[in-house]
Amino acid sequence: MSSTEPSSSATAAGTPPTPPIDSSASETEASEVRPTPALPTPTPSGPDAPSGESSSAPPGASDASQAAAQGEGHDAQHPEGEQHAEGDDHAEGDDHAEGDDHAEGEETESDAAGAEGANATSAGPGTGAPKKKRRRRKKKPGAAAGAPAPGPDGQSAPPTSGNKSASKPPGSKGKRARRHRANDRAPFHVGEEVFGKVTAVIDAAIMVDLSGKALAIFDRSEMEPDDLVPSVGDRFVARVHQDGSRGGLVVLTRKPLREEESKPKLEQAAHEGALVSGLVTGVIKGGVEVDLAGVRAFAPASGMDLHPANANFSSLLGQRLDFKISQFDKAGRDVVVTRRPMLEAEAHERRKHALSLLSEGQVMTGVVRTVVDWGVFVALPDAENVEGLIHATEASHDPRQYLSDLFKPGDRFDVKILQIDERGKIWLSRKALVEDPWAQARQKFAPGTRHTGKVVRLEKFGAFIELEPGMDGLLHVADLSFERIEHPNEVLKEGQELEVVVHYFDLHSKKIGLHLAPPADRADEAPQKVVRGGLLKAAVVKGEAAGVIVRVLGATGRASRGFIPAGQTGTPRGTDLRKSFKPGTVLDLKVLEVDPRSGEPKLSIRGFKDDEERRAHREYRQKLKAEGGFGTLGDILRQKLAAQSEPRESEPEAAEKGDETS
């Protein structure tokens, strides 16, 4: 029977005709589907099932629909993005792009044929639009799994040459293999017999150069008393006990089994707190390596020196020291030792002896050890390097300077012992031995004196002016210009030299206030003091609707910027102040008040005139009194009242005298 006969029978039964399907395409598609169990697709049965749907489909169409269903189920379980993340790497993607063009074309055709067959099978009678085809991934899971697909005659088809995933093992998931960086191998192995050249012979160890590959150390305690001590340049043969892979030196030995003999003794010493002797065999990160009769131990830096930050442990290499075991675990494989209890005891004895050599008021040379925010720790070499503290208040006469700028570790200078308290703490002072520059500067930088300074720092609130080394003053931003500015960098820059006038000198707080010196054309102006109720002269700068802005003659800084409100000008309301007060006009004014926040004076012309009238009246009265005239009516009335009160006061006195006479 030909391949078209099932289609004719399906047409006769009332089922839409199904296009012929190439068997090779379906077989190729079946070979490309990964052998993963597909999700079961429910098949309608009973009276609801369409008639002739299951029996009239051709065999090729049923196979293609089953393969398509398996592929769709697999794609639903593994989304395309996840398959790409776990699938081929970038290089494999390039191989597909270059070598599988022909294979992909066949695969696309077979996918289309299989999808059409599946749609024709699943579509019921009367369905016009075919089912939308899902996009198939390009990877060939059948070849990646290592199972070749059967051909049309039942034989296995040859694998595609362009697919590299077929060469991967069955258990591989297709992920890119991570490249692990190989660790540096030790040049020698534990137990290996090596020979080298002796480079140094010290009291406790022998240093050996192992053919230039590594530097080794040998404990001289292993040698017998009658053994010949090698010399520098001799050949030395021993076995590797520690390969130095942890950062220390290679440790050599001639008694490989002494480690097992030492472990019970070390464990007992750890329980009893006894001291053990160890050889420093290497300086590593965080401390040193120690050999305890063949047992490796670690000594942290905090247990090797009381000041580990400034310690140099390289000088301890090859020395034999006493240690205390602080940890003995894992049958001797994890041993930690320390010297801190002995170091603290030695430091306590040295401090006790040093305190007996010191007295209050004594001057000694000190070396800076540590600088902190609140003080400086200084060692006294002449007193067993005992440490004392220079508090921040005793470091300098200028409390504004940072200690980190004044002192650096290693600096040497003289200090004075202020106090030794009952706990043995030593309080030192450097300020007591340095002359206070502010004591002499009080006369040199008196208020009103003129000096030349250099701008050293600009801040938002003002500029710091260096008057002399170690002596700075502050020029406030409000005193920099007659016009208001936001930042000093608008008129000044660092390094600029300028003339300033000392406004005030505060010896207690070590502060100097400065003002800009007046220019040369104003040098002849007499200085005026701006106080409330005082009288002064000012020059008009400009007139405004609210009042008149004036400059106080002879004043500097913000005090020179005055303001006359319109109501205090003595002019009628509505007067144009711009026309009435020309710039440069000198006015006599009275200070009504001084703004406590801005420091600018509030002035008045009317107040000045009222004060002048009162002053003239007082002068007139004093003049009349001096000339002997009648004066005013008030003066005559006052004299009459005074004359009438005098007889009344004299009558009681006369009566008392008469009583005494009788």
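Bear in mind the structure is a predicted one, so any value in this text is a computation, not a measurement. Side chains are part of it too, since the values below use all heavy atoms of this structure and drop only hydrogens, waters and symmetry mates.
With hydrogens and angles ignored, the 3.5 Å screen pairs a side-chain donor or acceptor of Asp479 with a backbone N or O of Arg558. Between the Gln568 side chain and the Leu603 main chain, no donor and acceptor come within less than 3.5 Å of each other. In this structure, the side chain of Arg340 engages the main chain of Ser302 through a donor-acceptor pair within 3.5 Å. Ser326 places a side-chain N or O within donor-acceptor distance of the main-chain N or O of Val336, the cut-off being under 3.5 Å. A donor-acceptor distance shorter than 3.5 angstrom exists from the side chain of Arg339 to the backbone of Asp322, with no hydrogens or angles considered. Without hydrogens or angle criteria, Lys408 side chain to Ser404 main chain gives a donor-acceptor distance under 3.5 Å. Side chain of Gln362 to main chain of Ser359: a donor-acceptor pair is present (N/O by atom type, distance under 3.5 Å, no hydrogens or angles). Looking at Gln319, its side chain never comes within 3.5 Å of a backbone N or O of Ala204 through a donor-acceptor pair. In this structure a side-chain-to-backbone donor-acceptor pair under 3.5 Å is present from Asp234 to Ser231. Using modelled atom types, one side-chain atom of Lys431 and one backbone atom of Thr393 make a donor-acceptor pair closer than 3.5 Å.
When the side chain to side chain contact (heavy atoms under 4.5 Å, CB included) test is applied to Thr199, the partners found at least two apart in sequence or on another chain are Met207, Asp209, Leu215.
At least one side-chain heavy atom of Val229 sits less than 4.5 Å from a side-chain heavy atom of Arg220. Side chains of His348 and Glu344 form no contact here, defined as non-hydrogen atoms less than 4.5 Å apart. Two residues are said to be in side-chain contact when any heavy atoms from C-beta on lie closer than 4.5 Å; Leu418 and Glu394 meet this criterion. Here the side chains of Leu514 and Leu474 are not in contact, with every heavy-atom distance at 4.5 Å or above. The closest side-chain heavy-atom distance from Ser429 to Ile390 is not below 4.5 Å. At a threshold of 4.5 Å between non-hydrogen side-chain atoms, the residues Val290 and Phe323 count as touching. In this structure, Ile417 and Leu428 have side chains that are in contact, with non-hydrogen atoms separated by less than 4.5 Å. Side-chain contact between Phe482 and Arg551: present, with at least one pair of heavy atoms (C-beta onward) separated by less than 4.5 Å.
Residue pairs meeting the side-chain hydrogen bond (donor to acceptor under 3.5 Å, both in side chains) criterion with at least one member in residues 451-460, sequence neighbours excluded: Thr449-His451, Thr452-Glu499, Arg457-Glu459. Screening residues 510-539 for ring-ring contact (aromatic ring centres under 6.0 Å, His included), with sequence neighbours left out, gives His503-His515.
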- request: Go through the steps to decide whether Glu468 and Lys444 satisfy the test salt bridge (charged side-chain N to carboxylate O under 4.0 Å, His left out), and finish with yes or no.
  value: CA-CA 11 Å; Glu468 63 180 23; Lys444 183 178 180 180; 2.8 Å; yes
field: Verdict with supporting geometry, Lys582 and Val540, side chain to side chain contact (heavy atoms under 4.5 Å, CB included)
entry: CA-CA 7 Å; Lys582 301 298 181 181; Val540 176; over 6 Å; no
Test log, rule side chain to side chain contact (heavy atoms under 4.5 Å, CB included), inputs Leu252 and Val208: CA-CA 9 Å; Leu252 303 180; Val208 182; 4.3 Å; yes
field: Working for side chain to side chain contact (heavy atoms under 4.5 Å, CB included), residues Leu535 and Asp611
entry: CA-CA 9 Å; Leu535 304 179; Asp611 286 354; 4.1 Å; yes
task: Would you check, one step at a time, whether the test side chain to side chain contact (heavy atoms under 4.5 Å, CB included) holds for Ile485 with Leu480?
output: CA-CA 8 Å; Ile485 59 176; Leu480 274 173; 3.9 Å; yes
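Counted by atom type alone, Thr253 and Glu222 present one or more donor-acceptor pairs between their side chains at under 3.5 Å. No hydrogens or angles considered: a donor-acceptor pair under 3.5 Å links the side chains of Thr365 and Asp414. Looking only at atom types and distance, the side chain of Asp506 has a donor-acceptor partner in the side chain of Ser509 under 3.5 Å away. Side-chain atoms of His307 and Asp305 include no donor-acceptor pair closer than 3.5 Å. There is a side-chain donor-acceptor pair under 3.5 Å between Arg320 and Ser277.
Atoms NZ and CD1, from Lys590 and Ile564 in turn, are 14.0 Å apart once rounded to the nearest 0.5 Å. Separating the CD1 atom in Ile217 from the CD1 atom in Ile206 is a distance of 10.0 Å, to the nearest 0.5 Å. Between the CD1 atom in Ile284 and the CG atom in Leu249 there is a gap of 11.0 Å [rounded to 0.5 Å]. For the atom pair CD1 (Ile512) and CG (Leu467), the distance works out to 5.5 Å, reported to the nearest 0.5 Å. In this structure, the separation between CZ on Arg522 and OG on Ser560 is 8.0 Å, given to the nearest 0.5 Å. In this structure, Ile605 CD1 and Phe608 CZ are separated by 10.0 Å, a value rounded to the nearest 0.5 Å.
Summarising the local packing, CD of Glu486 is surrounded by 12 or fewer heavy atoms from other residues, nucleotides or ligands at distances under 6.0 Å. Within a 6.0 Å sphere centred on CG of Asp329, other residues, nucleotides and ligands contribute more than 12 heavy atoms. Summarising the local packing, CG of Asp521 is surrounded by more than 12 heavy atoms from other residues, nucleotides or ligands at distances under 6.0 Å. Enclosure of atom NZ in Lys324 is not indicated, since only 12 or fewer non-hydrogen atoms of other residues, nucleotides or ligands lie within 6.0 angstrom.
For the pair Arg430 and Phe413, the cation-pi test (distance below 6.0 Å, angle within 45°) is passed.
Between Glu387 and Arg369 a salt bridge is recorded (basic side-chain N to carboxylate O distance below 4.0 Å). Between Glu544 and Arg578, none of the side-chain N atoms (NZ, or NE/NH1/NH2) sits under 4.0 Å from a carboxylate O, so this pair counts as no salt bridge. Of the charged side-chain nitrogens involved, at least one lies within less than 4.0 Å of a carboxylate oxygen, so that Arg615 and Glu612 count as a salt-bridged pair.
Across all their heavy atoms, Val295 and Ser262 have their closest contact at CG2-CB, 4.2 Å. The shortest non-hydrogen separation linking Arg246 to Arg296 is NH1-NH1, 2.7 Å. Nearest approach of Leu403 to Gly375, heavy atoms of both residues: CD1-N, 3.5 Å. The two atoms that bring Pro308 and Ala301 nearest to each other are CB-O, 3.6 Å, heavy atoms only. Leu577 and Gly547 make their closest contact through CD1-CA, 3.7 Å (heavy atoms, listed as atom of the first residue, atom of the second, distance). Shortest non-hydrogen contact noted between Phe581 and Thr569 is CZ-CB, 3.9 Å.
When each of Val337, Thr338, Val288 is paired with Met304, the side chain to side chain contact (heavy atoms under 4.5 Å, CB included) condition holds for Val288 and for no other.
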